[in-house]
Amino acid sequence: MVRRGFMLSTKTNVKKIKLDYQQKIPNQLVTAIIVLDKNLTIQYANPATEALLVKSFNKLYGKPLKNLFLNEPIKQERLTQLLISGQEFSDSDVTLELYINHLITVELMASSVEFDAMPHILLELKQIDQQKNISAEAFQHQQWESARELIRGLAHEIKNPLGGLRGAAQLLSKELSQEQQEYTMMIIEQADRLTNLVDRLLGPNQLPKMTKLNIHSVLEKIYQVVRFGNEKNINFIRDYDPSIPDVVFDDDKLQQALLNIVNNAIQVIETGGQITLKTRAATNQTINGKRIKLCAKICIIDNGPGIPENLKDTLFYPMVSGRANGTGLGLSISQTLIHQHNGKLSCSSEPGHTEFEILLPIIDKATK
């Protein structure tokens, strides 16, 4: 009799433990969980959902799911069919527009569950924006490196015959009359022009001379340069974070990288436009697959027309330009210079807001 009572007590304890965990675990999950009733209104949302949607459970409870988003990420017909058939579905790339211009991407799984003998829908949402960005950055970096290698190979193949062509023209000019030398001079000038273009395609070939400096010293130099001769009457805004520690960089090379970006902005924005030079400290950033504890973030923002969609994926490739008279070398050189600093250059753009972001690691001697 005692043993039977002990067994009943043990079963009761196990059942209670199981129930406790079942009640607590949803609140500990990093995956967002939403429970919908048959009318597709929200009956439950865990804390991860509150964080993802930036809304408390009080504001979510009883609200129709379709009212949460500006877009329609999940067709109502699919959810209704799920209630009828019980057949779960998933989607690996769903965009949620929480409010204007604020989009997040999630993996979604929808399944049928039962509460109080009534059919409900369980939605599981996992945000994947960071993973997508890291994958896209890794792919773009690989493509950029491949393009650079191809151009290096082509550049050397071009420079060799150009040198021979120029030398032959110089020798030939000695045998010709003064009038005929005009043609050999034209050959030499064009050979020199092509050689100069090839050298620019190859990009900076000197290693940076790194010094620990205040990042704002470079931005101030750029500001002083561009505010003179400001023919378009552009409004330059400086929004600096004075708390950023000194950063190790090459003053001349970083100045060139940032000036290329600012000059591009000046060329595309309308008269009376605005360019902002902004700095912030950024923590736990990923640069070329490495997690960096602390970075200096430099943002160059303009209110111009934005970058054409067909150029966004190849923006930092050599010879890619959105202007008829552009060489397409400025941003490519900037990318190379930032990489020499073990940093990252990225861009986001839409009409009225183009933002170039530069991340430079801040070295902490205590963690070296």
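Just the heavy atoms: all of them, side chains too, but no hydrogens, waters or symmetry mates, feed the values below. When a residue number appears, it is its place in the shown sequence, counting from 1.
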Linked, directly or transitively: V106 and F89 (ILVMFWY side chains, under 4.5 Å): yes
Mind checking whether I300 and L277 have side chains closer than 4.5 Å, heavy atoms only? yes
Answer yes or no: is there a donor N or O on one side and an acceptor on the other, between the side chain of K232 and the main chain of Q267, under 3.5 Å? yes
Assess whether atom NZ of K63 is packed by more than 12 heavy atoms of other residues, nucleotides or ligands within 6.0 Å. yes
Are L68 and I121 co-members of a hydrophobic cluster defined by side-chain heavy atoms under 4.5 Å apart? yes
For a side-chain hydrogen bond (donor to acceptor under 3.5 Å, both in side chains) check, start with the C-alpha distance between R193 and Q190, then their side-chain angles and the critical distance, and finish with the verdict. CA-CA 5 Å; R193 185 183 70 82; Q190 292 303 312; 3.1 Å; yes
Heavy atoms from other residues, nucleotides or ligands near CD of E270 exceed 12 (cutoff 6.0 Å): no
Applying the salt bridge (Lys or Arg N to Asp or Glu O under 4.0 Å) test to D251, which of K221, K212, K209 qualifies? K221
Inspect the contact between K278 and E355 and indicate whether a charged nitrogen and a carboxylate oxygen are less than 4.0 angstrom apart. no
Would you sort out whether Q274 and N303 count as a side-chain hydrogen bond (donor to acceptor under 3.5 Å, both in side chains), showing the intermediate values? CA-CA 6 Å; Q274 179 174 293; N303 63 347; 5.5 Å; no
side-chain hydrogen bond (donor to acceptor under 3.5 Å, both in side chains) evaluation trace for Q43 with T41: CA-CA 6 Å; Q43 300 302 302; T41 60; 3.2 Å; yes
Are L83 and L40 side-chain neighbours, meaning at least one heavy-atom pair lies under 4.5 Å? yes
Return yes if some donor-acceptor pair links the side-chain N/O of H353 with the main-chain N/O of I301 below 3.5 Å, else return no. no
Atom CD of Q224: over 12 foreign heavy atoms under 6.0 Å: yes
Verify, without hydrogens or angle tests, whether Q181 (side chain) and S173 (backbone) share a donor-acceptor contact under 3.5 angstrom. yes
Can you find a pair of side-chain heavy atoms, one from I74 and one from F69, that are under 4.5 Å apart? no
Chi angles and distances behind the side-chain contact (heavy atoms from CB on, under 4.5 Å) call for L345, I261: CA-CA 11 Å; L345 171 61; I261 298 170; 3.9 Å; yes
Within the supplied structure, the quantity of interest is the number of heavy atoms (other residues, nucleotides, ligands) at a distance under 6.0 Å from Y183 OH; does it exceed 12? no
Is K59 close to E50 at the side-chain level, that is, under 4.5 Å between some pair of heavy atoms? no
Is the backbone N or O of M109 less than 3.5 Å from a side-chain atom of S90, with the two atoms forming a donor-acceptor pair by type? no
